[in-house]
Amino acid sequence: MFGLCHLMHIIGTQQRDCLRRGMMMLTLVLLGASCVHPHEPALQALVNDGLLATMQPFEGDAQEPATPEGRLADYQTIALGNHPSLRAQFERFRHSVHLIAASRSLPEPKVTFGVFVDTMSALHGSEKARLKLEQEVPWFGSLNSALAAAVANSEVERRTLEAQAVHLRSRVGRSYWNLWEVRATRVLHDEHRNVLQQVAEAARARVSTGVTTLAELQLIELEIVKIIDILDGMSEAELRAEAQLAETLGYPERRHFSTIDEPGRPALPKRDDEALRSLALKHPAVQTLVALRGVAEAEVDGAHSRRYPSFVIGGEWMWMEHALGDELMRDDAFMMALGVRVPLWQGIYSERIHAAEAQLQAREADHQAMVHRVGLKVTEAHSKVRDAFRRVQVYQHTLVPQSEAVHASVLGAYTVGRGSVAETLLAHRDLLELKVELESARASFERAWLELEDVAGTRLEQQMPTQRGVSNDG
């Protein structure tokens, strides 16, 4: 009797050891599947920091939440924190980060519990119930490739968010300078109307003395009506420009915006085309395609991994009873099992690999096309900056001063009665057109500079120490 009890004790100890080893094996499998990608904590931190911290604004931009006070930097900061499309892209980025944890998880374990309705008898006793736990474990590279693809996809969304922020900053700036240009040219036309009204008053006095004809007076009044019509059109243009700026800021309706900042003294960028192209290759839009290429590489690895078998690790506990004399005694059993999924359809897996490789080649071609496009866009944007700089210099230092001198001479001659009305109106019109072209050239330079910074993806420095965006209030 003692020997039988001792034998049962030994059997129970072995069963507990088997159960312990089985649980340890399953625990190691689960721990191995819960490994964290090195880039995952940084991506999670960007999600936790929120939207503005992810934007990485240019150096010199307003860093704190701002109210619209008329300065361009404040408007740009408002747009980064307020525009719905940017918030939508941030949510897509957050969505991709939360999917990383799901990509590294194992398939759900399977638990089966069965009770024998009709007890099965055997030589060693009768079996009452069974409890089985199974866990499928993919091939070792499958989880790694899925995790790498999820992280790369999050990087795609993050780079897309940064690229949209860079472009939105440029859009806000261009809309701002459009509004500023409309208002600046409207001031010039209003001044021109006032001058023409003074000329008309003088002409009326001369009509009474016979020095000026009625036809010449009517010509002056016609010019005034034309200027009034242009001013009315500019009022509508100002409303459209404000609506455009409101859209870039993410506001639902048009509102009045102040334009305190004025164009600064223009200058060419310090960097040449080659240096600008090097900067542009680091643009978030280019890095988005690099991340997409990483997604495709991970998918190729995953397609290769699916050609290999996956495993099923399981344990089964059996509740059994056997008769010992007149008593029933439990004699439970525990069984460890290892299964293998055999990938028989290698031809299908090969086709999947070919499809993934084709996608990778497409991403490579997209990236190469973007590199070519960026280089040409840098050349185009740099050319626009040089052309706008040239126009500002010509109008500011040559054409406008010469026109002012001609205008002063013609107006002086008309005042003393030696100039005609037609000559005076022509001088007025030429001076107005050149001043309008000067303001347009100044605004065009600011827009071209913003476009160049948009292509380069960063703030650029000028060749000479000038302050851009000088305020009216000094």
Side-chain angles (χ1 to χ4, degrees), residues 21-44 47 92-112 132-160 287-316 335-369:
R21 286 193 295 267
M23 296 304 297
M24 289 179 62
M25 185 179 299
L26 289 176
T27 302
L28 289 176
V29 169
L30 294 175
L31 289 176
S34 62
C35 295
V36 178
H37 194 278
H39 293 169
E40 184 177 354
L43 294 171
Q44 189 65 50
V47 170
R92 282 189 284 270
F93 166 60
R94 191 165 69 94
H95 168 264
S96 66
V97 172
H98 289 312
L99 288 179
I100 294 177
S103 67
R104 64 170 185 265
S105 63
L106 289 172
E108 297 292 341
K110 180 181 178 182
V111 179
T112 305
K132 182 166 62 174
L133 172 64
E134 292 179 329
Q135 174 65 61
E136 183 180 355
V137 182
W139 186 257
F140 307 109
S142 298
L143 290 179
N144 291 335
S145 59
L147 179 59
V151 171
N153 188 63
S154 292
E155 189 68 17
V156 169
E157 300 297 344
R158 181 174 77 90
R159 293 298 186 178
T160 302
Q287 297 304 312
T288 298
L289 292 178
V290 175
L292 281 171
R293 186 176 58 189
V295 174
E297 291 173 348
E299 289 176 350
V300 170
D301 294 338
H304 279 285
S305 298
R306 281 190 287 272
R307 301 189 67 173
Y308 297 99
S310 61
F311 305 95
V312 177
I313 300 175
E316 184 174 0
M335 178 178 64
M336 290 294 299
L338 177 63
V340 178
R341 182 187 63 84
V342 181
L344 296 178
W345 318 116
Q346 290 295 321
I348 297 177
Y349 296 130
S350 297
E351 292 299 323
R352 290 178 178 174
I353 292 174
H354 295 330
E357 290 175 345
Q359 181 71 5
L360 176 58
Q361 294 300 323
R363 297 303 185 191
E364 291 279 2
D366 288 340
H367 178 258
Q368 191 63 37

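Worth saying up front: this structure is predicted, and the values here are computed from it rather than measured. Positions are given from 1, in the same order as the sequence printed here.
Expressed to the nearest 0.5 Å, how far CG of Leu292 lies from NE2 of His367 amounts to 10.5 Å. Taken from CZ in Arg159 to CZ in Phe93, the straight-line distance is 10.5 Å, to the nearest 0.5 Å. A distance of 8.5 Å separates OG1 in Thr112 from CD in Glu316, rounded to the nearest 0.5 Å. For the atom pair CG (Asp366) and OG1 (Thr288), the distance works out to 12.0 Å, reported to the nearest 0.5 Å. In this structure, CD in Gln287 is found 9.5 Å from CZ in Arg158, a value given to the nearest 0.5 Å. Note that the CG atom of Asn153 and the CD atom of Glu299 stand 9.0 Å from one another [nearest 0.5 Å].
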Task: Arg341/Ser310 under side chain to side chain donor-acceptor pair (under 3.5 Å): CA gap, chis, key distance, verdict - done: CA-CA 5 Å; Arg341 182 187 63 84; Ser310 61; 2.8 Å; yes
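Side-chain atoms of Ser96 do not come within 3.5 Å of backbone N or O of Glu157 as any donor-acceptor pair.
Scanning both residues, Glu155 and Ala291, for their nearest heavy atoms gives CG-CB, 3.9 Å. The nearest pair of heavy atoms linking Ser154 to Val97 is OG-N, 3.4 Å. When all heavy atoms are compared, the tightest approach of Arg363 to Ala296 is CG-CB, 3.9 Å. When all heavy atoms are compared, the tightest approach of Ala152 to Gly294 is CB-C, 3.9 Å. The nearest pair of heavy atoms linking Ala298 to Ala149 is CB-N, 3.5 Å.
In this structure, Val156 and Val295 have side chains that are in contact, with non-hydrogen atoms separated by less than 4.5 Å. Side-chain contact between His304 and Glu357: present, with at least one pair of heavy atoms (C-beta onward) separated by less than 4.5 Å. With contacts defined as side-chain heavy-atom distances shorter than 4.5 Å, the pair Glu297/Leu360 qualifies. Using a 4.5 Å cut-off on side-chain heavy atoms (C-beta onward), Leu147 and Ile100 make contact. A heavy-atom distance below 4.5 Å is not found between the side chains of Gln135 and Val312. Looking only at side-chain heavy atoms (C-beta outward), Arg94 and Arg92 stay at 4.5 Å or farther from each other.
Applying the salt bridge (charged side-chain N to carboxylate O under 4.0 Å, His left out) test to Glu364 and every residue at least two apart in sequence or in another chain returns Arg293. The ring pair (Phe, Tyr, Trp, His ring centres under 6.0 Å) search around Phe311 returns none, not counting sequence neighbours.
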